[in-house]
Amino acid sequence: MKRVGALALRRLAQSVPVLLIILVGLFLLLQLAPGDTVDALLAQMGGGDAAVAARLRQDYGLDVSVPVQLGRYLVRLLSFDLGMSAIYGKPVASVIFERLSVTALFMSCALAFAFSAGLVLGVVAARRVNGWPDTLISTLGLVFYAIPSFWLGLMLIVLFSVKLAWLPPGGFESIGEGLTGLAHVLDVARHLVLPILSLSLIFLAIYLRLMRASMLEVMTLDFVRTARAKGLSEGHVLRRHVLRNALLPMVTFVGLQFSTMLGGSVVVESVFSLPGLGRLAFESVVQRDLNTLLGIVLVSAVLVIVVNFIVDLLYAKLDPRIVAR
Amino acid sequence: MHPTRRQVLVAGSALAAGGPAMAQGQPQRGGTLTVQLTSEQRVLNPAIQASTGVYVMASKIVEPLVDLDAQGEPVGVLAERWEGSADGLTHTFHLRRGVTWHDGKPFIAKDVQFSAMECWKKILNYGTTLYQFLEAVQTPDDHTAVFRFSKPMPQGLLLRALPDLGHVIPAHVYEGTDIRTNPANTAPVGTGPFVFKEYQRGQYLIAERNPNYWRGNGQPYLDRIVWRFISDRAAASAALESGQVQFSPYSGLALSDIARLSKDARYTVSTRGNEGNTAHTVMEMNLRRAELAKVEVRRALCHALDLGFFIENFLYGYAKLGTGPIPSSSAPFYVPRPAPYPFDKAKAERMLDDAGYKRPSRGAMRFVQPLKLLPAPWGEYTINFATFIQQSLREIGVRVEIEARDAPGFLTGVYRDHNFDLTTGWHQYRNDPAVSTTVWFRTGSPVGAPWTNQYGYNSPAMDRAIDVAATELDATKRKADYQDFVKLAVDDVPVHCAVEHAFISVYAKRLMGSHNTPRWSSSSWHDAWLAPA
């Protein structure tokens with residue numbers, strides 16, 4: 001455990017330069033986008049004279065040169081101050097924190113679903129390779145892989161919300177009903193079914209293909225033959241010998257694709273009006289809310305680093321030959 | 001109020017059947033109205049930000065001194081009556097008595113004074129111009145506010161501007177604080193029929209019935225209003241169709257969905273109730289570009305646009321031909337005139353030939369450099385119009401290159417850098433030409449000021465016409481003055497006011513008592529009610 005702690009600290013130290021490069025790079029990149037957050041605000045207001053705009057720029061700290069702005073930001077960051085959000089008029093940290101829980105719940109459910117369903121379907125397909133279950137699952141996988149998530153989301157809404165009226169078409173919870181306890185949990189779950197489906201199907205397809213291929217490969221290896229030869233039951237062979245080894249590429253992929261999923265959630269959150277980080281990021285780009293955007297990028301980068309760290313630890317757990325260091 | 005067809009039918013059947021049908025025509029208490037909005041705002045304070053996006057939420061909570069009635073005439077809200085001095089320098093408002101703020105404190109003249117001097121004059125967009133010459137607001141007693149101007153202010157202009165630029169906020173909440181960052185900007189305290197309850201950024205805003213509302217008589221009828229922020233337009237129509245939402249204001253859906261829902265018996269799709277929010281979809285031409293500096297060229301480009309086709313096929317018919325910068329919906333100022341540049345391709349080509357821009361060879365393009373067109377990113381109208389212009393001008397031998405940008409990029413490109421030849425635009429008309437219409441044609445706006453004349457149009461005759469009309473106190477003369485303005489604007493055509501349209505509302509038929517004034521979506525909804533589902 002102590003070793004893991006030390007490892008975590010070392011990883012964190014290693015990631016500081018990376019984070020810095022990401023933040024400074026993004027800051028400079030955004031300077032290339034024409035217009036600032038005051039322009040965005042004026043666009044929303046539909047008018048405003050030059051004096052008003054100048055005063056607003058002063059309020060938002062945009063009246064100084066770019067290096068000074070960047071310097072100020074980095075100095076603030078040293079004291080873990082992410083600054084004020086221009087859109088929300090609140091500290092960026094609290095804005096992100098409000099949205100983070102929604103995205104965390106949404107993404108972990110989507111990831112868990114994609115992973116577990118992909119795993120099961122992959123195993124089933126591999127066991128009956130070239131049989132009808134394999135053909136069916138592989139075809140479905142291709143279809144899922146080919147459907148863009150925003151379109152799938154809209155079609156799910158049309159079918160399940162508009163036509164059948166089974167599930168709500170958007171939002172995170174029923175508004176103003178003051179639900180608590182189990183009723184609240186169920187209400188949120190009802191709202192999340194469609195978004196999770198739209199986000200996860202494409203990943204499900206990837207995982208199932210990966211799992212199938214990896215299972216097929218491991219099943220031909222010598223130690224599996226040995227296991228069978230010593231008379232183990234088929235189920236035991238699959239669980240103890242094949243599955244554990246076949247899982248390694250899957251786990252690698254989860255780590256790698258976590259960031260892709262974070263990107264995909266922008267679209268799905270917009271379609272389903274979920275108040276998550278993805279939509280916040282989109283909104284901050286459109287409104288040129290630099291502080292909020294940098295804050296989101298920072299948090300996302302940390303998330304990706306953490307997830308990949310966990311993946312490294314999982315490797316060691318799955319395959320004792322690999323040592324996390 | 002003009003009854004809707006449904007109301008007429010209901011009344012008819014009630015007469016015939018008597019009894020239960022009658023209940024349908026009578027306002028019923030209760031129910032939650034859920035409204036879809038495409039985007040949310042940074043503040044919910046209409047005294048410091050004038051935009052429909054703010055009014056559609058905040059004007060149910062915070063009220064103006066004056067609103068417009070069903071005929072489009074000013075009617076008192078927080079002001080009961082008013083009089084103006086003959087010289088136009090003094091306007092006295094007698095305020096409604098017995099009105100209380102949502103926090104229980106009485107509404108007094110000091111609130112009006114504070115709102116006008118600290119918010120409307122100093123911070124509010126368009127207000128800073130309108131109230132530029134407002135010297136003081138005197139409060140001889142708690143129920144009288146006397147506005148003193150240093151230059152004559154036509155009463156008609158003031159009264160027509162007040163519904164948008166005259167919301168009153170409580171002085172006791174804002175005084176001594178930084179108005180821009182006061183927490184009440186996102187948790188407004190007002191006098192309106194609905195009381196602020198909860199604002200979840202990115203999700204929804206809730207306001208609940210004000211049981212102590214000054215109008216009484218059981219008003220407001222609704223128990224609660226919920227505004228949901230649904231940015232994806234397809235998802236927004238799904239929310240409407242699944243019954244999650246009953247009202248989508250301000251053309252909030254995709255035009256194709258609006259056209260589809262207009263055939264659905266469950267919904268009303270109409271521009272009625274939005275006449276006070278009429279706008280033009282325009283083509284602006286940058287006179288810094290040598291070819292466009294010639295008025296014949298500008299006129300030729302206008303003649304090349306088949307606007308009837310555009311309206312029918314791009315806007316599904318929810319628009320009409322523009323006739324000039326003052327829209328036909330503006331009864332006090334509009335004089336009927338024909339659309340100035342009817343579609344005539346041959347004439348357009350001939351005019352360009354005569355201006356010295358002949359095609360070098362058959363089918364070749366006339367200008368050496370293509371025209372750079374920045375589409376205004378204000379939704380389907382302006383973006384589609386850009387592609388339509390591109391296609392149309394190609395027909396007469398003028399190549400157009402489109403450079404799409406998002407809102408901050410567009411504002412910077414057009415208004416600060418002047419880096420465009422053509423742009424589309426959405427020119428909102430705000431009940432009086434002096435509020436935000438003449439500024440498109442007057443010189444003198446500083447570089448970078450959005451929604452102003454930034455295309456280098458400079459006409460002393462135009463400046464004179466605008467200034468004369470703005471301070472004319474006699475309503476009849478003022479109307480005549482504005483016809484001079486319209487004629488100059490149409491002849492010089494730095495801006496082609498191509499298409500006139502009001503916002504489109506889409507709402508469930510069970511939403512009653514609605515869309516009965518010209519700026520209903522921005523009004524207080526005190527008499528709106530929901531019929532049983």
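Quick note on labels: first sequence line is chain A, next is B, and so on, each numbered from 1.
Pairing each heavy atom of B:Arg42 with each of A:Ile87, the nearest pair is CG-O, 3.5 Å. The two residues A:Pro275 and B:Gly202 make their nearest non-hydrogen contact at CB-O, 4.2 Å.
Of the two parts of A:Leu56, only the side chain, counted from C-beta on, holds a non-hydrogen atom closer than 4.5 Å to a non-hydrogen atom of chain B. For B:Gln244, the part lying near chain A is the side chain, with the backbone staying farther off; criterion is any non-hydrogen pair under 4.5 Å. For B:Glu40, the parts lying under 4.5 angstrom from a heavy atom of chain A are both the backbone and the side chain. The contact between B:Trp378 and chain A is made entirely by side chain atoms (from C-beta outward), counting heavy-atom distances below 4.5 Å.
Put simply, CZ on A:Arg55 and CD1 on B:Ile123 are 6.0 Å apart, with the number rounded to the nearest 0.5 Å. Taking CG of A:Leu41 as the reference point, atom CD of B:Gln49 lies at 5.5 Å (rounded to 0.5 Å).
Chain B is approached within less than 4.5 Å, heavy atom to heavy atom, by A:Arg99 from residues 98-105 of chain A, ordered by number. By a heavy-atom distance cut of under 4.5 Å, A:Ser161, A:Val162, A:Pro168, A:Pro169 are the residues of residues 158-169 of chain A near chain B, going up by number. Applying a 4.5 Å heavy-atom cutoff, the residues of residues 408-418 of chain B that approach chain A are B:Pro408, B:Gly409, B:Leu411, B:Thr412, B:Arg416. Proximity to chain A at a heavy-atom threshold of 4.5 Å picks out B:Arg228, B:Phe229, B:Ile230, B:Ser231, B:Asp232, B:Ala234, B:Ala235, B:Ala238, B:Ala239, B:Glu241 from residues 228-241 of chain B, in numerical order.
Between the B:Arg405 side chain and the A:Pro34 main chain, no donor and acceptor come within less than 3.5 Å of each other.
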